[in-house]
> 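The structure under discussion is supplied below as structure tokens; questions concerning it will follow.
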Protein chains: 2
Amino acid sequence: MKNNIRVLRAERKLTQGELADAIGVSRQTINAIEKGKFDPSLPTAFRLAGVFEKRIEEIFEYHEEG
Amino acid sequence: MKNNIRVLRAERKLTQGELADAIGVSRQTINAIEKGKFDPSLPTAFRLAGVFEKRIEEIFEYHEEG
DNA sequence: TAGAAATGTCAAGTCTTATTTACATTTTAT
DNA sequence: ATAAAATGTAAATAAGACTTGACATTTCTA
């Protein structure tokens with residue numbers, strides 16, 4: 001799964017720490033998600049979509065795994 | 001978080017087992033999600049949206065917790 | 001160009017989500 | 001009414017999301 005959080009965050013001039021605070025996770029979690037280390041939970045994805053005023057599908061691009 | 005998987009599944013005349021097979025999880029996982037026992041992972045939510053040809057936001061309704 | 005801010009990363013641990021197995025109950029169809 | 005299909009539920013375990021803390025590197029900015 002890919003995402004464009006880094007771009008959206010830059011557009012809004014937010015640091016990883018500020019975005020983390022805004023959605024209630026740690027800065028390292030934002031970093032890990034941006035770097036594709038793991039996918040967020042569904043609630044966290046919803047909160048990200050809320051901050052960016054985007055649909056989840058506009059932030060995350062799902063590809064079949066395997 | 002609420003969801004209308006049960007309704008969407010009924011509209012398409014799918015059993016929990018058939019839906020489970022379609023997205024690659026166990027039947028019990030579908031049952032648990034329908035009953036609100038937990039939220040699916042983001043990849044699982046995407047697969048559900050794919051089967052139902054809906055956006056994630058059309059299937060799941062997020063409410064702040066706390 | 002030096003200090004501060006931001007980012008990258010790693011390890012260890014916690015908590016939540018997902019799976020399996022197994023069995024009970026309910027619904028559907030004959 | 002009976003058999004078969006579907007659903008409900010629960011315990012044990014595995015897998016993944018997330019935290020904290022620590023330290024290194026990169027990028028801003030005064």
Side-chain angles (χ1 to χ4, degrees):
Chain A
M1 192 132 61
K2 292 193 173 182
N3 71 74
N4 50 26
I5 292 171
R6 176 146 311 198
V7 172
L8 293 167
R9 184 170 63 76
E11 283 172 1
R12 284 159 181 76
K13 300 203 201 311
L14 292 172
T15 68
Q16 292 182 345
E18 288 168 342
L19 177 55
D21 289 347
I23 68 170
V25 299
S26 70
R27 177 184 71 77
Q28 288 86 339
T29 290
I30 296 296
N31 187 279
I33 294 169
E34 282 189 1
K35 305 284 276 188
K37 293 211 168 188
F38 54 74
D39 302 316
S41 70
L42 188 54
T44 298
F46 264 100
R47 280 186 238 115
L48 282 166
V51 165
F52 292 132
E53 295 176 296
K54 297 275 183 189
R55 284 178 281 132
I56 289 175
E57 288 85 352
E58 293 176 301
I59 300 176
F60 297 91
E61 187 180 356
Y62 178 69
H63 300 291
E64 304 298 321
E65 45 244 35
Chain B
M1 194 132 61
K2 292 193 173 180
N3 71 74
N4 50 27
I5 292 171
R6 178 148 308 199
V7 172
L8 293 166
R9 184 169 63 76
E11 283 173 1
R12 285 158 181 76
K13 300 205 201 311
L14 292 172
T15 68
Q16 291 181 345
E18 288 167 342
L19 178 55
D21 288 347
I23 69 169
V25 300
S26 69
R27 177 183 71 76
Q28 288 84 342
T29 291
I30 296 295
N31 187 280
I33 294 169
E34 282 190 1
K35 306 283 277 187
K37 293 211 169 188
F38 53 73
D39 301 317
S41 69
L42 188 54
T44 297
F46 264 99
R47 281 186 239 114
L48 282 165
V51 165
F52 292 133
E53 295 176 294
K54 296 275 184 189
R55 283 178 281 130
I56 288 176
E57 287 85 352
E58 293 176 300
I59 300 176
F60 297 92
E61 187 180 357
Y62 178 70
H63 299 292
E64 304 297 321
E65 45 245 33

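Chain identifiers are assigned alphabetically (A, B, ...) following the order of the sequence lines, protein sequences preceding nucleic acid strands; residue numbering begins at 1 within each chain.
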> Check whether any side-chain N or O of B:Arg27 sits under 3.5 Å from a backbone N or O of B:Ala20 as a donor-acceptor pair, and report yes or no.
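Here the side-chain-to-backbone pair does not exist.
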
> What are the atom names and distances for every N/O pair under 3.5 Å that joins the protein to nucleotides 3-7 of chain D?
from	atom 1	to	atom 2	distance (Å)
D:dT7	OP1	B:Arg9	NH1	2.9
D:dT7	OP2	B:Gln16	N	2.8

> In whole Å, I'd like the distance from the CG atom of A:Asp21 to the C1' atom of D:dT19.
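Rounding to the nearest Å, CG of A:Asp21 and C1' of D:dT19 are 14 Å apart.
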
> Taking C-beta and beyond as the side chain, do A:Pro43 and B:Asp39 meet within less than 4.5 Å on heavy atoms?
yes

> Is a side-chain donor or acceptor of B:Arg6 paired with a backbone partner of B:Glu34 at a separation under 3.5 angstrom?
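Looks like no, no N/O pair under 3.5 Å.
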
> Which letter, B, S or -, goes with each nucleotide of nucleotides 11-19 of chain C from 5' to 3', with contact meaning a protein heavy atom under 4.0 Å?
------SBB

> Does A:Ile56 offer a backbone N or O that forms a donor-acceptor pair with the side chain of B:Glu57 under 3.5 Å?
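Confirmed, B:Glu57 side chain pairs with A:Ile56 backbone.
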
> Okay, side chain of A:Arg55, backbone of A:Ala49: is any donor-acceptor separation there less than 3.5 Å?
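Here the side-chain-to-backbone pair does not exist.
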
> Would you say the side chain of B:Phe60 lies within less than 4.5 Å of the side chain of B:Ile5, judging by non-hydrogen atoms?
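Yes. Closest side-chain heavy atoms under 4.5 Å.
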
> Could you state the NZ-P distance from A:Lys13 to D:dT27, rounded to the nearest angstrom?
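About 18 Å, once rounded to whole Å.
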
> Donor-acceptor check, side chain of B:Asn3 to backbone of B:Ile33, threshold 3.5 angstrom: yes or no?
yes

> Can you tell me how far C1' of D:dA17 sits from CZ of A:Phe46, to the nearest Å?
17 Å

> First locate atom CZ of A:Phe52, then atom CD of A:Glu58, and finally report the distance between them rounded to the nearest 0.5 Å.
12.5 Å

> To the nearest Å, how far apart are A:Leu19 CG and C:dG8 C1'?
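From A:Leu19 CG to C:dG8 C1': 16 Å.
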
